[in-house]
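Just follow the structure's listing: the first ligand is 1, and inside any ligand the first atom is 1.
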Amino acid sequence: MRSGRPRSAWRTLTGVAENPLLEGLDLPGAPDPCVLVIFGASGDLTKRKLFPALYALAVRRMLPDRFAVLGSSRTELTDDEFRAQMREAVREHARDELEQDAWDELAACTHYVQTEFGDDEEHNEVGARLSELDEEHGTQGNRVYYLAVPPKAFPMLVQELGERRTTQGWTRLIVEKPFGRDLASARELNALLTRYFREREIFRIDHYLGKETVQNLLAMRFANAIFEPLWSRQFVDHVQITVTESMGIEGRAAFYEEAGASRDILQNHALQLVALTAMEPPIDFDADAVRNEKAKVLRATEVEAVVRGQYGAGHVEGEAVPAYRDEEGVDPDSTTETFVAAKLRIGNWRWADTPFYVRAGKRLARRETTIAIHFERAPHPLFLHADGLRPNVLAIHVQPDEGVSLGFGAKVPGQGMTVRTVNMEFLYGGAFRTGLPEAYERLIVDAMRGEATLFTRADEIEEQWRLVDSIHARWAGQTPDFPNYEAGTWGPEAADELLHRDDRSWRRR
Ligand code: BG6
């Protein structure tokens, strides 16, 4: 990628120039020259996420100065056909308006090669194209391989890449989910990857870790002195983690029928949020230190109770939607769960007696990802008129309305001493007056830099599968009575009962 536009141009585009709040930021420099090879380039992820992210990076001049993208898949396409498809994807999904100049720069370093794995000749063609791109773009043999292929293509691809790696330049591998379908298969994948690549070359992606608000959880906990002393069983009654979507399966029946909410969201995104919320302070913000702490707390976690659900027909955001079993490609007797809620116990000094409740699912009342820390009640009821007073809740709003709120008791104006809960709010948009980058923008650049803090390590993934396997073991041999919630609601009644049994209830905004 040639940097035709001066650096000050992206400062204007990103709003840095006009935004005094962002002035003087210590922005990391561009990554080393490299080729990003996307396997699975004709798939949905490339169109919806990867190219829009690359375009946002190109606009902001955050890609390496010497850079190329090589798309690869089984579909036969010329470079120009691939570019035209990606232009359309960027127009549809990117967070910025498509600007012809910026697109032309990215298009000029975008190429395509058709591949059929297991076919030696085809792979030689990838190798030959990569050598040409090194010549043309000065990328020095450095490679980031993005593995966005279906699980069945994965082992052969890893093996081919591993066996044909050259000694020139560095190699990094970004591995997309699903990472296995249970503990045994995840272990196999980890063993396969580490047969050919070193752990520091492997970047297992969980895009939730690339979200600004998720990283802000670490900033809140470890850049402030006031939260961490309260962050334990002594002051926290329980924690609620919600990852709900109003969206359905968006035509991904084949994938979702096999996955369900437990594999699609709980195993990765939701459990990563648990780990970041519950972990001990790392000694440093580097990949080893952060991931050691996450792995440790996951190891201490157990599932105490679980509830599953599947949606029936209903209304979501005013629109009638069919039952899951009536979605195209779904088995009419499907027992796949579209909702899961679990009560987790963390067996360590910090969290013993403080349950973590987690829920995730599709076709629920609204899209919301929140981490809510519910504090203990005030120890002594001093005020008579405090019916509207709830225990303090610190809520990290991952999405939408990205920010943080703290609920606390305040005196209602007027005579007497009536106390009610009010909210103190921090909103990203208001405080920094800038749009938030997409998770993939951050993660692609981090992988190019070899920075693995926001990627999951083999041991974390395996602990996450251990927990999800324990849920599947409970369900084995049972036939669920599905559907058990109406689309557009907050899930099955049993999910409410899970908390009511403990004299608690799910937080509603
Ligand atoms: C993906 C799941 O990992 O995350 C999807 O496979 C889900 O089913 C998506 O919709 C949610 O991501 P986000 O960033 O929109 O919350």
Side-chain angles (χ1 to χ4, degrees), residues 40 43-50 52-53 56 92-95 146-151 174-181 186 203-217 241-274 276 308-311 316-317 321 324 327 329-330 334 336-340 358-371 396-402 428 435-444 454-456 460-461 464-465 468 487 491:
D44 228 35
L45 183 81
T46 310
K47 295 190 183 107
R48 282 175 185 271
K49 299 288 182 192
L50 303 186
E92 202 176 325
H93 300 292
R95 66 182 171 112
Y146 201 117
L147 274 48
V149 294
I174 305 182
V175 183
E176 259 299 334
K177 67 185 274 262
F179 196 90
R181 55 172 289 108
F203 295 77
R204 297 173 195 80
I205 212 160
D206 182 319
H207 78 279
Y208 269 54
L209 297 180
K211 291 183 190 273
E212 284 290 328
T213 37
V214 172
Q215 293 162 54
N216 187 48
L217 172 61
I241 295 184
T242 296
V243 188
T244 54
E245 295 179 273
S246 53
M247 219 164 73
I249 53 169
E250 308 277 295
R252 295 156 76 214
F255 159 76
Y256 201 85
E257 276 281 90
E258 289 294 310
S262 56
R263 290 187 173 93
D264 187 36
I265 302 283
L266 180 68
Q267 189 275 337
N268 37 75
H269 310 324
L271 286 175
Q272 278 293 315
L273 297 181
V274 170
L276 289 168
R308 60 179 153 164
Q310 187 194 75
Y311 62 84
V316 177
E317 287 153 3
V321 300
Y324 176 71
E327 300 271 9
V330 170
S334 172
T336 298
E337 79 288 353
T338 58
F339 175 95
V340 64
V358 180
R359 60 179 165 167
K362 300 245 180 227
R363 286 288 190 228
L364 294 165
R366 55 184 238 122
R367 174 177 187 248
E368 177 184 332
T369 302
T370 315
I371 301 161
I396 291 131
H397 305 289
V398 173
Q399 60 190 25
D401 308 326
E402 290 81 356
Y428 259 90
L436 294 180
E438 286 286 327
Y440 281 91
E441 295 171 32
R442 169 71 191 244
L443 296 175
I444 290 171
L454 300 178
F455 292 84
T456 45
E460 291 175 73
I461 294 225
Q464 289 165 199
W465 275 122
V468 171

Quiz item: What is the ring orientation for His269 with Tyr208, classed by angle as parallel under 30°, tilted 30 to 60°, or perpendicular over 60°?
Solution: parallel
Quiz item: Can you find a heavy atom in the side chain of Pro52 that is under 4.5 Å from one in the side chain of Tyr440?
Solution: no
Practice problem: Answer yes or no: does an N/O atom from Asp264 fall short of 3.5 Å to an N/O atom of ligand 1? | Solution: yes
Exercise. Using the test ring-ring contact (aromatic ring centres under 6.0 Å, His included), find all partners of Phe203 that sit at least two apart in sequence or belong to another chain.
Key: Phe455
Exercise. For the residue pair Thr456 and Leu209, establish whether any side-chain heavy-atom pair is separated by less than 4.5 Å.
Key: yes
Quiz prompt | Any donor-acceptor N/O pair, Gln215 side chain to Gly210 backbone, under 3.5 Å | solution = yes
Exercise. Mark up the atoms of ligand 1 that fall under 4.0 Å of a heavy atom belonging to Met247, in ascending order.
Key: 10 (O)
Quiz prompt | Taking atom 15 (O) of ligand 1 as the reference point, the nearest protein heavy atom with its distance | solution = Arg367 NH2, 3.5 Å
Practice problem: Report the part of Tyr208 in contact with ligand 1, treating N, CA, C, O as backbone and CB onward as side chain, heavy atoms under 4.0 Å; options are side chain, backbone, both, neither. | Solution: side chain
Quiz item: Near His269, which atoms of ligand 1 are under 4.0 Å from a heavy atom of that residue?
Solution: 1 (C), 3 (O), 4 (O)
Self-check item: ligand 1-proximal atoms of Glu250, by part, heavy-atom distance under 4.0 Å
Solution: neither
Quiz item: Residues in side chain to side chain contact (heavy atoms under 4.5 Å, CB included) with Thr244, at least two apart?
Solution: Thr242, Leu364, Glu368, Trp490
Practice problem: Taking only heavy atoms of Gln399 into account, list the atoms of ligand 1 that are under 4.0 Å away from them. | Solution: 13 (P), 16 (O)
Quiz item: With atoms numbered from 1 as shown, which atoms in ligand 1 lie under 4.0 angstrom from a non-hydrogen atom of Lys362?
Solution: 5 (C), 7 (C), 8 (O), 10 (O)
Quiz item: With side chains defined as the heavy atoms from C-beta onward, is the minimum distance between Ile205 and Tyr146 less than 4.5 Å?
Solution: yes
Quiz prompt | Atoms of ligand 1, numbered as shown, that sit under 4.0 Å from any heavy atom of Lys211 | solution = 13 (P), 14 (O), 16 (O)
Quiz item: Can you find a pair of side-chain heavy atoms, one from Arg263 and one from Arg181, that are under 4.5 Å apart?
Solution: yes
Quiz item: So which protein heavy atom does atom 5 (C) of ligand 1 come closest to, and at what separation?
Solution: Arg252 NH1, 3.4 Å
Quiz item: Any salt bridge between Arg204 and Glu460, counting N to O under 4.0 Å?
Solution: no
Quiz prompt | Close-contact set for ligand 1 against Glu245 heavy atoms, below 4.0 Å | solution = 7 (C), 10 (O), 11 (C)
Practice problem: Tell me which protein heavy atom sits closest to atom 12 (O) of ligand 1, plus the residue, atom name and distance to 0.1 Å. | Solution: His207 NE2, 3.2 Å
Self-check item: Numbering as shown, the atoms of ligand 1 that approach Lys177 to under 4.0 Å (heavy-atom distance)
Solution: 1 (C), 2 (C), 3 (O), 6 (O)
